[in-house]
Amino acid sequence: MEDVNQLVKVRKEKLQQLYEEGINPYPYSFERSHQSAEVVSRFGELEGREVAVSGRIMAVRKMGKASFCHIQDMQGRIQLYIARDAVGVEVYNMFKGLDIGDFIGVRGTVKKTKTGEVSVFAVSLELLSKSIRPLPIAKEKIEDGKKVVYDQFVDKELRYRQRYVDLVVNPDVKEAFVKRSKIITAMRDFLNKHDFLEVETPVLQPIYGGAAARPFKTHHNALDMTLYLRIANELYLKRLIVGGFDRVYEFAKDFRNEGIDRFHNPEFTQVELYVAYKDYNWMMDFVERLFNHIALEVHGSAKIEYAGHEIDLTPPWPRLPILEAIRQYTGKDVSSLDEGELRKIAGELNVEVTPDMGAGKIVDEIFGEYVEPKLIQPTFIIDHPVEMSPLAKKHRSKPGLVERFEPIIGGKEIGNAFSELNDPIDQRRRFEDQMRLRDRGDEEAQILDEDFLRAIEYGMPPTAGLGIGIDRLAMLMTNQSSIRDVLFFPHMRPESK
RNA sequence: GAGCCAGUAGCUCAGCUGGUAGAGCAGCGGCCUUUUAAGCCGUUGGUCCUGGGUUCGAAUCCCAGCUGGCUCACCA
């Protein structure tokens with residue numbers, strides 16, 4: 001290592017000294033009896049008993065013949081009292097040479113100190129792993145009942161690049177990721193309870209489809225062929241519906257070769273699910289119940305706090321046709337879906353449109369500008385123009401529209417669903433329309449997938465499908481304004497060395 | 001892609017209209033058996049993001065670049 005930082009050097013010297021004293025600074029295991037939070041919460045029954053705890057030293061108050069320190073484990077922190085007479089001179093001296101960041105294991109008696117803090121009074125102590133790089137440790141103080149943190153590790157670049165450090169020193173960060181995990185667990189439980197089968201489909205695809213986005217391209221050497229990282233898994237899951245699996249879902253990492261901002265990361269997580277013999281009305285009911293379930297599991301309440309708003313996820317949510325929504329929020333009637341007229345309206349509304357946009361895309365632009373940000377409480381935007389939804393089934397009664405919905409929460413779309421198009425003749429036509437848009441310059445228009453068409457030519461039952469952006473859902477449930485704060489390792493440019 | 005802001009010790013930051021680079025914490029040495037931002041005494045530590053320029057002299061002013069943040073644009 002070319003890092004000649006003095007702090008690192010000092011710790012390496014300490015390492016060397018430990019070896020010379022016959023102490024292995026990297027032993028193999030430690031038998032822990034309790035986690036920190038348990039010792040505190042079960043103090044009543046544990047008082048006076050011996051426990052074994054382990055964790056990372058996070059704060060230390062050393063004195064001549066007795067010391068205090070706090071160790072941190074996955075659940076929290078606990079104070080240790082280490083007296084020379086209890087652990088012996090050798091161990092005590094070894095302890096005094098330890099640093100913040102080192103892992104230790106301690107056996108001792110559970111007692112309260114003079115100030116009433118539940119602590120473990122050590123009878124033995126061993127080093128479990130020596131840290132040779134100093135942590136950017138913050139200091140905390142209770143002031144007027146509030147926790148004040150000094151010198152907190154706040155540099156966003158460093159926090160994202162060295163998330164492992166961020167997690168150690170910023171407890172809120174850990175909490176957000178635990179919540180993210182609970183969200184996924186709650187969804188999985190809910191789906192499994194409703195007879196869904198969790199499946200896996202290809203990430204490397206010869207034809208990318210199922211969404212409108214530019215892909216990452218790669219190459220298979222042995223077959224000498226181009227492959228794409230999936231932008232969605234929709235078309236594969238529908239193939240499984242064709243194959244007779246009536247309810248399937250997949251938590252999928254998808255990849256889109258587009259801009260990065262606080263709502264977009266090049267790789268992100270979606271859950272997609274498909275249900276045979278159901279339509280989008282059924283799916284809307286299902287989404288309401290699913291979100292309510294997640295909120296109750298994660299927050300214990302259907303009311304959540306997001307960006308200064310209280311959002312109530314209790315069903316039912318309003319269902320608002322997109323054209324109606326535009327009329328309500330702009331006063332303009334766009335129901336004719338005539339491209340020329342739409343361009344004129346877009347102009348009047350100062351919405352930028354480009355020549356390659358068709359009618360559906362223009363509607364989407366107006367919606368995104370004037371309506372979406374205002375929909376804070378959960379709302380289903382439904383019945384989109386057919387052109388912007390090439391995989392959705394024609395509306396049963398409204399010409400030019402499809403049976404589609406997007407749940408909007410907190411001013412952001414967090415999912416997309418439809419009554420799936422299962423008419424192979426219509427599907428082929430839609431793909432052909434997409435190819436024409438592509439020729440017009442729309443790089444995100446979808447590509448005709450002959451094998452997918454073959455699959456639905458064999459016959460696909462009526463099906464409802466749904467995709468939910470897990471990252472955006474996690475942002476919502478953890479009240480984070482940037483996708484980076486719900487991704488452990490958000491995409492960054494490479495570190496210059 | 002555009003605008004604004006930032007980059008100084010391991011961390012958090014100060015450093016004015018240019019004149020020998022600082023503080024707190026962390027570290028190191030010493031004292032200390034109920035501390036909790038422990039305390040007291042002493043002390044080490046710098047590619048001031050990089051490269052040019054102006055100047056007798058640049059952390060400071062100018063230009064370019066790098067990295068990041070925020071906002072906007074783009075984005076199913």
Side-chain angles (χ1 to χ4, degrees), chain A residues 3-11 13-14 58-70 77 79-86 92 96-97 99-101 111-117 119 121 132-143 147-161 165 169 210-214 231-232 234 254 256-266 268 270 352 354 360-361 363-365 367-369 372 381 384 388-392 404 406 412-418 443-446 467 469 481-482 484 492-496:
Chain A
D3 196 336
V4 288
N5 178 311
Q6 201 191 349
L7 299 177
V8 173
K9 214 163 94 188
V10 167
R11 291 203 185 187
E13 283 162 13
K14 286 183 179 178
M58 295 300 284
V60 77
R61 280 136 348 247
K62 287 176 192 168
M63 288 169 284
K65 300 189 189 69
S67 300
F68 291 89
C69 72
H70 278 88
R77 291 186 183 189
Q79 179 169 262
L80 309 178
Y81 177 69
I82 295 121
R84 191 184 65 182
D85 294 348
Y92 192 71
K96 283 186 84 174
D99 294 294
I100 285 174
K111 282 188 222 169
K112 277 188 180 170
T113 60
K114 266 186 191 168
T115 56
E117 181 167 349
S119 307
F121 285 59
I132 61 164
R133 189 178 282 270
L135 284 168
I137 205 79
K139 293 242 167 185
E140 293 170 3
K141 188 186 185 181
I142 311 293
E143 235 168 50
K147 190 153 82 171
V148 185
V149 184
Y150 297 80
D151 300 341
Q152 194 166 20
F153 181 55
V154 290
D155 186 310
K156 291 236 176 148
E157 181 176 358
L158 288 178
R159 285 184 46 213
Y160 294 143
R161 287 196 195 280
V165 173
V169 303
R214 279 176 289 174
I231 58 173
E234 169 154 359
D254 291 338
R256 296 188 183 175
N257 205 341
E258 286 169 358
I260 298 172
D261 64 22
R262 67 181 224 273
F263 290 103
H264 297 88
N265 194 65
F268 64 101
Q270 277 204 105
E352 242 181 273
T354 54
K361 186 91 174 157
V363 166
D364 194 37
E365 291 294 316
F367 174 78
E369 187 86 16
E372 190 179 21
I381 288 295
H384 299 61
M388 57 197 283
S389 319
L391 301 167
R404 173 179 175 186
E406 293 177 297
K412 209 73 196 170
E413 164 220 338
I414 65 160
N416 188 21
F418 8 97
E443 280 188 71
E444 296 184 343
Q446 302 195 20
S481 61
S482 172
R484 294 189 148 157
M492 305 283 279
R493 282 173 210 268
E495 260 176 287
S496 52

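Here the structure is a predicted model, which means the values were calculated and not measured. Naming convention: chains lettered A, B, ... in sequence-line order (proteins, then strands); numbering from 1 in each chain.
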Whole-Å P distance, B:G51 and B:U17: 25 Å
Sugar-phosphate only, base, or nothing, as touched by A:V154 at under 4.0 Å among non-hydrogen atoms: sugar-phosphate
Separation of B:C74 P from A:E372 CD (nearest whole Å): 12 Å
Sugar-phosphate, base or nothing in reach of A:F418, heavy atoms under 4.0 Å: nothing
Separation of atom CD in A:E365 from atom C1' in B:A73, rounded to whole Å: 11 Å
Selection from B:C70, B:C11, B:C32 that lies nearest to any side-chain heavy atom of A:P136: B:C11
Watson-Crick or G-U counterpart of B:A6, or none if no pair lies under 3.5 Å: B:U67
Touch class at under 4.0 angstrom, heavy-atom based, for A:A59 against every strand present: nothing
Whole-Å distance separating the CD atom of A:Q152 from the P atom of B:G10: 20 Å
Counterpart base for B:G27, defined by Watson-Crick or G-U wobble contacts under 3.5 Å: B:U43
Interatomic distance, A:E369 CD vs B:A76 C1' [rounded to whole Å]: 16 Å
Between C1' of B:A38 and CZ of A:F68, the distance in whole Å: 10 Å
Residue of the set A:L158, A:I137, A:L135 for which side chain to side chain contact (heavy atoms under 4.5 Å, CB included) holds with A:F153: A:L158
Spacing of the P atoms in B:C72 and B:G52 (rounded, Å): 38 Å
Salt bridge flag under 4.0 Å for residues A:E406 and A:R404: yes
A:I137 CD1 to B:G27 P, straight-line distance once rounded to whole Å: 10 Å
A:R84 CZ to B:U34 C1', straight-line distance once rounded to whole Å: 16 Å
Of the listed nucleotides B:C32, B:G68, B:A76, the one nearest the side chain of A:K361: B:A76
Under-4.0 Å side-chain N/O to phosphate OP1/OP2 contact, A:K139 with B:U12: no
Who pairs with B:U35 - Watson-Crick or G-U, where each distance is under 3.5 Å: none
Closest to the A:D261 side chain, choosing from B:A73, B:U35, B:A37: B:A73
Residue A:D99, side-chain atoms from C-beta onward, closest of B:U12, B:C28, B:A76: B:C28
Sugar-phosphate only, base, or nothing, as touched by A:R214 at under 4.0 Å among non-hydrogen atoms: nothing
Given B:U34, B:G68, B:U71, the nucleotide with the shortest approach to the side chain of A:F121: B:U34
Minimum-distance nucleotide (side-chain atoms of A:R262 versus B:G27, B:U71, B:G68): B:U71
Phosphate OP1/OP2 of B:G68: any A:R493 side-chain N/O under 4.0 Å: yes
Interatomic distance where NZ belongs to A:K114 and P belongs to B:U35 [whole Å]: 6 Å
Whole-Å C1' distance, B:C70 and B:G18: 31 Å
B:A6 and B:C13, which share atom name C1', separated by this distance in whole Å: 13 Å
Closest to the A:R404 side chain, choosing from B:C11, B:A76, B:U34: B:A76
Among B:U34, B:A76, B:G45, the nucleotide that comes nearest once only the side chain of A:P390 is considered: B:A76
Under-4.0 Å side-chain N/O to phosphate OP1/OP2 contact, A:R61 with B:A37: no
B:G24 versus B:G68 - spacing of their C1' atoms, nearest Å: 25 Å
side-chain N/O A:K14 vs B:C28 OP1/OP2, d < 4.0 Å: yes
Rounded C1' spacing from B:A38 to B:C25 in Å: 13 Å
Distance, C1' atom - from B:A23 to B:G45, rounded to whole angstrom: 14 Å
B:C48 pairs with, by Watson-Crick or G-U criteria that keep both distances under 3.5 Å: none
Which residue lies more 5' along RNA chain B, comparing A:Y81 with A:R11 via nearest heavy atoms: A:R11
Donor/acceptor link under 3.5 angstrom from A:E117 side chain onto base of B:U34: no
Separation between the P atoms of B:U60 and B:A21, rounded to whole Å: 13 Å
Gap between atom CE of A:M58 and atom NZ of A:K139 - 0.5 Å precision: 11.5 Å
Nearest-0.5 Å distance that lies between atom CZ in A:R262 and atom OG in A:S481: 6.0 Å
Student check: side-chain heavy atoms of A:K96 and A:R84 closer than 4.5 Å: no
Earlier contact from the 5' end, RNA chain B, for A:T113 and A:V60: A:T113
Any side-chain donor near an acceptor of the partner, A:Y81 and A:S67, under 3.5 Å: no
Nucleotide nearest A:L158 when distance is taken to its side chain, options B:A76, B:C11, B:U35: B:C11
Complement of B:C13, any strand, by Watson-Crick or G-U distances under 3.5 angstrom: B:G22
Pair assignment for B:C72, Watson-Crick or G-U wobble, requiring both distances under 3.5 Å: B:G1
Donor-acceptor side-chain pairing of A:Q6 and A:R11 below 3.5 angstrom: no
Row check, A:F263 ring normal vs A:K412 NZ/CZ: under 6.0 Å, within 45°: yes
Pairing of A:K9 and A:E13 as salt bridge, 4.0 angstrom limit: no
